[in-house]
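Structure first, commentary second.
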Amino acid sequence: MTAGRAPLGVLLAGYGGVGAQDHQKDMYAPAFDQHPDYDILAISDDHATPDDLRARSRDEARQRGVPYVEDLVEALELPGIDLLSVCTAFERRVAVAELAAGHGKHLLIDKPMALTLEDCDAIATTTTNAGVVCMPAHHQRYQASVRDARAAVAGGRIGLSWAVHADFIVTSRAAAASLDELTAWPLGELLNFAVYPIDCIRAMTGLEIRSVYATRGGFFYGNEGDEDFGVLALTLEHDVLATVSIGRAPVSGHLNGGLGEHRYRVMGSHGLLLVDAGKPAITVHGGGRSRRLPFGSDSVAVMLDELAAAIRTGRPADIGPSDAQAALAVTLAARQAADDDRVMQL
Amino acid sequence: MGEAGTTARTDGPDGQDARPTRVAVIGTGFVADLHLAAIGRLPNAELVGVLDVDPQHAAATAQANGGIRWTAGLDELTAWPDLDACVVCTPSDTHASIGAVLASAGKHVLMEKPLAITTADAAALVDAFAERDLVLMGAHTHRFNDYAMTVKAILDTGDVGNVVFARLAMLGGWIWPGWQHWVLDPDRSGGHALHNGTHVLDLVTWWIGDRPITVYAQGRKQTAAELDIHDYESIVVRYEGGATVVCEISRGNQPRSLEYREVFVQGTHGSLSLPWDAEGSLVFDGDGTSALPGDGQKGFTRQLASWLAAIRDGQPPDVTAEDAARAVALGVAAERSLDSGQAIDVRSVLGQVPA
């Protein structure tokens, strides 16, 4: 926190997300707690939140010693609230964004920001018109190695980039107590994860994606729900090409832990750049197991740095709703491309 | 043309015929040296002569290999009475016609990749050699390298389960000659997917052991926009069992000295990775970071031994003619995909090539 400046007041809005994921509890709230620029002041839910999720929110509020406010509008009017951390249900995110923007509040929105391009557009419009910061939580672009690579590519370190190959493979099991819970997210892991590597590729190259070919399938959960693994072949502006493997491959004992593979190989006219988002890390053999422990700045914390800087200075954030929309457009086109076995133009 | 003495072998101690297989090498360019060295390493192979359309090159190679016989004509070579088999290292567009002549002459063949540059020619070669009970093996040398054999062995244990995804990249800089060279002419090389892409396409298909069904390729003309081939290709192959593979082959990378290999396989029960720095020795010098070269000859020697064993035992070679023809089909599909910008159904290019 800059000396003499009050922390930004945070309202935690909802504890939902993809399937049984709880990013509010597991990722955002702890990062706000740790960050000197923020202070969590209250918890609320949107009006359509079912009772069981409200109970979860109430319980979190009790544990934190902050008020749980049943009505989101009332929560927005609490003194000191500057921004919302939004993990409400996807179908009501536009409504939440409109309410927040109408009250002049900034937004951090869990990924994927929305499930339709129209919703992305509506969120972009309402937040832009209100002049508030709206940041989709694509925190992977803030991994240290990805940030370094982005700067190196932008600075011409490898000349003009012409190809990127990426792997984003989560090796932890889905946060679900049962197959029923797992299949409560019927839309597949592409919609869950693809946003991350797509966003990183866009950030590192500074280029838009123009076409996509893809394959997808269910390999790890007996084909329950939808796909758990996909491969995308992309063509970007200037005919830069890219491939990405994306999925959840729950195999135990990966040295890197839950995010087993997260890497990029960027090839340029004058060099080649290898990016391993799991590093820097120290490999440890001991205590009856081996693991690789990353160190350095945390990507969520850096994302919150950027959010605070944008809010405090009034400058545009490094990432906005249009980035979420672009990533979603590629993901939706990839699903269609895989189903039709053809290249989809964007 | 030149003359060479023959070194007939007597029966071995077990009474079996220990006479070496008498081999000629056709085409004496860069890759021929590796085959010639392999022949020199194996006691059951005897180099009896070389052929090159350039008489000077043929004569020089013959001289460098002990003053063996040489010729510039295929008819003369097939008339040599002591010739059993040939290693063909000529430009890719000549493979079909040379192979047909050698099959008619009753010679076994180790054919440099690609087997042919069209599936029709590849299928014709398969049939021509099968009809005469001759061994036709595709020189997909990577299969015989330590790393490739180790990946195959691990996958075959089942430890990583069924393959879901694999990535195989072989990247390097420009090593080809100037504009006049045949590798830059797609009518002669078939395109990079045939010329070098068949290496990676064959290798991953062998690793996975499944039937490829769709190919989608992307390419770059990285060294010069005026190229008629793509010096870099990224090829996505989808297999019947659901696996997807991304193969890359490049002669367009910078730095030009780059020699980069990467293998990653995600299976249903685990994964394996062979990253760029998995070599036993890496050197950091003024040229950057690279692996020490190791024994690059080993794969060629193993390959030759495999071919010779097939000739002697009458068993199918480790790389069958059908395998090599299938690699041709995948290369053709990749080039068609590059032309059309769409995924290609492998069945649409197979023709008479066995699926």
Side-chain angles (χ1 to χ4, degrees), chain A residues 158-160 162-167 169 171 211-220 223 227-236 238-256 260-261 263 265 267-272 274 276 337-338 340-343 345, chain B residues 159-167 169 171 173 213-223 225 230 232-239 241-248 250 252-256 258 260 262 264-271 273 275-277 288 337 340-345:
Chain A
I158 58 167
L160 295 169
W162 52 268
V164 185
H165 294 278
D167 297 307
I169 301 173
T171 47
S211 75
V212 57
Y213 173 75
T215 66
R216 63 183 182 128
F219 300 91
F220 298 96
N223 288 315
E227 89 282 325
D228 45 42
F229 206 96
V231 180
L232 278 54
L234 311 169
T235 303
L236 287 69
H238 304 298
D239 288 331
V240 172
L241 62 90
T243 67
V244 199
S245 68
I246 303 159
R248 185 189 294 280
V251 293
S252 60
H254 197 294
L255 277 180
N256 288 347
E261 316 289 344
R263 56 179 174 248
R265 172 162 36 86
M267 303 198 288
S269 60
H270 291 75
L272 181 149
L274 298 178
D276 190 336
D340 296 349
D341 197 26
R342 68 188 173 99
V343 177
Q345 303 298 324
Chain B
D159 284 353
V160 301
N162 297 322
V163 175
V164 172
F165 168 69
R167 190 181 282 292
L171 310 176
I213 55 173
T214 309
V215 172
Y216 174 65
Q218 298 167 284
R220 296 280 303 188
K221 297 177 178 179
Q222 199 54 43
T223 300
H230 298 86
Y232 171 85
E233 294 190 5
S234 174
I235 305 169
V236 178
V237 185
R238 194 158 58 92
Y239 289 82
T244 300
V245 167
V246 177
C247 298
E248 293 168 78
S250 177
N253 274 89
Q254 289 285 352
R256 189 176 175 182
L258 181 74
Y260 181 98
E262 173 188 320
F264 174 76
V265 179
Q266 178 65 58
T268 50
H269 298 145
S271 63
S273 63
W276 72 279
D277 58 350
S337 178
S340 68
Q342 288 294 334
I344 300 296
D345 185 331

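When heavy atoms are compared at a cutoff of 4.5 Å, B:Q218 approaches chain A by way of both its backbone and its side chain. Both the backbone and the side chain of B:T268 come within contact range of chain A, each with at least one heavy atom under 4.5 Å from a heavy atom of that chain. When heavy atoms are compared at a cutoff of 4.5 Å, B:Q342 approaches chain A by way of both its backbone and its side chain. Looking at B:S271, only its side chain comes within 4.5 Å of chain A, counting heavy atoms on both sides. For A:A242, the part sitting under 4.5 Å from any heavy atom of chain B is the backbone (N, CA, C, O) and nothing else.
Inter-residue side-chain proximity for A:Y213 and B:T214 is flagged as met; some heavy-atom pair is nearer than 4.5 Å. At a threshold of 4.5 Å between non-hydrogen side-chain atoms, the residues A:M267 and B:Y260 do not count as touching. Residues B:T244 and A:F229 are not in side-chain contact: their nearest non-hydrogen atoms beyond the backbone lie 4.5 Å or more apart. With a 4.5 Å cut-off on side-chain heavy atoms, B:S234 and A:H165 count as touching.
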Check the pair B:F264 / A:I169 against side chain to side chain contact (heavy atoms under 4.5 Å, CB included), numbers first and verdict last.
CA-CA 12 Å; B:F264 174 76; A:I169 301 173; 3.5 Å; yes
Kindly indicate, with the supporting measurements, whether the criterion side chain to side chain contact (heavy atoms under 4.5 Å, CB included) is fulfilled by A:S269 and B:Q222.
CA-CA 8 Å; A:S269 60; B:Q222 199 54 43; 4.3 Å; yes
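Contact tally against chain A (heavy-atom pairs below 4.5 Å) for B:V246, B:L171, B:V164, B:L258: the top residue is B:V164. If you tally non-hydrogen atom pairs under 4.5 Å between each of B:R238, B:H269, B:R256 and chain A, the highest count goes to B:R238. The candidate with the highest count of non-hydrogen atom pairs below 4.5 Å against chain B, out of A:D341, A:V240, A:L272, is A:D341. With chain B as the partner, the residue from A:G260, A:S245, A:G268 showing the most heavy-atom pairs under 4.5 Å is A:S245.
In this structure, A:W162 and B:Y232 have perpendicular ring planes: the angle between them is above 60°, well past the 30° mark.
Scored by the side chain to side chain donor-acceptor pair (under 3.5 Å) test, B:T223 finds B:D231 as partners (sequence neighbours excluded). In this structure B:N253 satisfies the side chain to side chain donor-acceptor pair (under 3.5 Å) test together with B:S250, sequence neighbours excluded.
B:E248 and A:R265 are joined by a salt bridge, as a carboxylate oxygen and a charged side-chain nitrogen come within less than 4.0 angstrom of each other. Remark: A:D167 engages B:R167 in a salt bridge, criterion side-chain N to carboxylate O under 4.0 Å.
The 12-atom threshold is not exceeded at CG of B:N162, counting heavy atoms of other residues, nucleotides or ligands nearer than 6.0 Å.
Nearest heavy-atom pair, B:Y216 versus A:A233, reported as atom, atom and distance to 0.1 Å: CE2-CB, 3.6 Å.
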